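Working notes, structure below.
All of these numbers come straight from a predicted model, not from anything done at the bench.
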Amino acid sequence: FERIRSFLDSWFQSFAIQFAKVQNQISLIFKEDKVSKNQHKHNYKHIEEDVLEQLENHIEDISPKEYIPVIILLRASGWRISDVLNLKYDNCLDSTLSGYYLCGDIQKTKVLEHRIPISSEIADVVKASISLSANTKGNTNRYLFVTESGKRKGYPYNGKNIGLALNRLAEKYNILDRNGKLF
C-alpha cells in the first residue's frame, strides 16, 4: 500500500509539473496576440517622435480647449480615439498603492476592462475631467468626455472633430514629419 501511495504521489507531482508547464505556455500567448495571415506589419499607424514633440509644444492652442484632455489621454495611453471617447467617468480611473491606472474597454480587439498604468499628472487630468463630466446635466451614460449641447448632447465628443482640430493645429504651426510634409 505504501509503495502504491508513493508511486501515485510521485506520478501526481510529475503530472502537476507537466500540466503547469503546459498551462503557463498556453496562457502566455493569447489568441488576440497572434497575427493572422491577412495582417501585415506595416498596417500600424505610427506617429514620429518629432511630430509628437511639435504637437506637445502647441497643445495648449488646440481649439476648442475641451479637446486638450482627450489628446493628453490619447498620447498617454496609446489607445484609439474611440476607446478614449467611450471612457466612463465612474470607472475609468483606478488608484492603488502602486499608482494610478486608466481603465476602459478596447472595442476593436474586444479587450474589456483594460488597465494601463498612468502617471499622477495624467491621473490629475482624468480627475479634472471626471469632475466636469460628473456634473454635466444630461450625461446619463456617464461619459468622461461628453458633449453638452447640440444634436450630440449627452454623447461623447465626435472623434472626427478632434482629428480636424489636430489638422488645424498642424496647419497653423506648420507641424511637419521628417520628410517636411505637413502631418
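The list of ring-ring contact (aromatic ring centres under 6.0 Å, His included) pairs with a residue in residues 56-93, not counting sequence neighbours, reads His58-Tyr173, Tyr67-Tyr157, Trp79-His114.
Val51 and Ile72 fall within a single hydrophobic cluster, where Ile, Leu, Val, Met, Phe, Trp and Tyr side chains are chained together by heavy-atom contacts under 4.5 Å. Under the 4.5 Å side-chain contact rule for hydrophobic residues, Val125 and Ile162 share a cluster. Hydrophobic clustering places Val70 together with Ile47 (ILVMFWY residues linked when any side-chain heavy atoms are closer than 4.5 Å, directly or through intermediates). One hydrophobic cluster holds both Leu52 and Leu166 under the rule that ILVMFWY side chains link at heavy-atom gaps under 4.5 Å. With hydrophobic clusters built from ILVMFWY side chains whose heavy atoms lie under 4.5 angstrom apart, Val126 does not share a cluster with Val146.
With hydrogens and angles ignored, the 3.5 Å screen pairs no side-chain donor or acceptor of Glu53 with any backbone N or O of Glu49. Under the 3.5 Å distance criterion, the side-chain polar atoms of Asp177 are matched with a main-chain donor or acceptor of Asn179. Looking only at distances, no side-chain donor or acceptor of Arg178 sits under 3.5 Å from a matching main-chain atom of Glu48. A donor-acceptor pair is defined here as one N or O able to donate and one able to accept, closer than 3.5 Å; no such pair exists between the side chain of Thr136 and the backbone of Asn139. Asn167 places no side-chain N or O within donor-acceptor distance of the main-chain N or O of Glu171, the cut-off being under 3.5 Å. Side-chain atoms of Asn135 come within 3.5 Å of backbone N or O of Ser131 as a donor-acceptor pair. Asp105 places a side-chain N or O within donor-acceptor distance of the main-chain N or O of Glu113, the cut-off being under 3.5 Å. Side-chain atoms of Thr147 come within 3.5 Å of backbone N or O of Tyr155 as a donor-acceptor pair.
Smallest separation of non-hydrogen atoms from Ser63 and Ala165: O-CB, 3.4 Å.
For the atom pair Asn161 CG and Glu66 CD, the distance stands at 11.5 Å (nearest 0.5 Å). Rounded to the nearest 0.5 Å, atoms CD1 (Ile116) and CG (Leu102) are 5.0 Å apart. From Ser133, atom OG reaches atom CZ of Phe145 across 8.0 Å, with rounding to the nearest 0.5 Å. Atom SG of Cys103 sits about 7.0 Å away from atom CG of Asn91, to the nearest 0.5 Å. Expressed to the nearest 0.5 Å, how far NZ of Lys127 lies from CD1 of Ile122 amounts to 12.5 Å. For the atom pair CG (Leu85) and CG (Leu74), the distance works out to 7.0 Å, reported to the nearest 0.5 Å.
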Should Leu169 and Leu55 be marked as a side-chain contact (heavy atoms from CB on, under 4.5 Å) after you check the CA-CA gap, both sets of side-chain angles, and the distance that decides it? CA-CA 8 Å; Leu169 188 75; Leu55 170 64; 3.5 Å; yes
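In this structure the side chain of Ser77 never reaches within 4.5 angstrom of the side chain of Ile118, judged on heavy atoms. Taking the side chain as every heavy atom from C-beta outward, Lys153 and Glu148 never approach each other to under 4.5 Å. Leu87 is listed as a side-chain neighbour of Leu73, based on a closest heavy-atom distance under 4.5 Å. Using a 4.5 Å heavy-atom threshold, the side chains of Leu144 and Lys88 count as separate. At a threshold of 4.5 Å between non-hydrogen side-chain atoms, the residues Ser120 and Tyr100 count as touching. In this structure the side chain of Pro156 reaches within 4.5 angstrom of the side chain of Asn86, judged on heavy atoms.
At a threshold of 4.0 Å, the pair Glu56-Arg75 counts as salt-bridged, since one of the basic side-chain nitrogens sits closer than that to a carboxylate oxygen.
Connectivity analysis of hydrophobic side chains (ILVMFWY, heavy atoms under 4.5 Å, direct or indirect) links Leu176 to Leu182.
Crowding of Lys151 atom NZ: a count of heavy atoms from other residues, nucleotides or ligands under 6.0 Å not exceeding 12. By the neighbour-count criterion of 12 heavy atoms within 6.0 Å, atom CD of Glu60 is densely surrounded, having more than that number from other residues, nucleotides or ligands.
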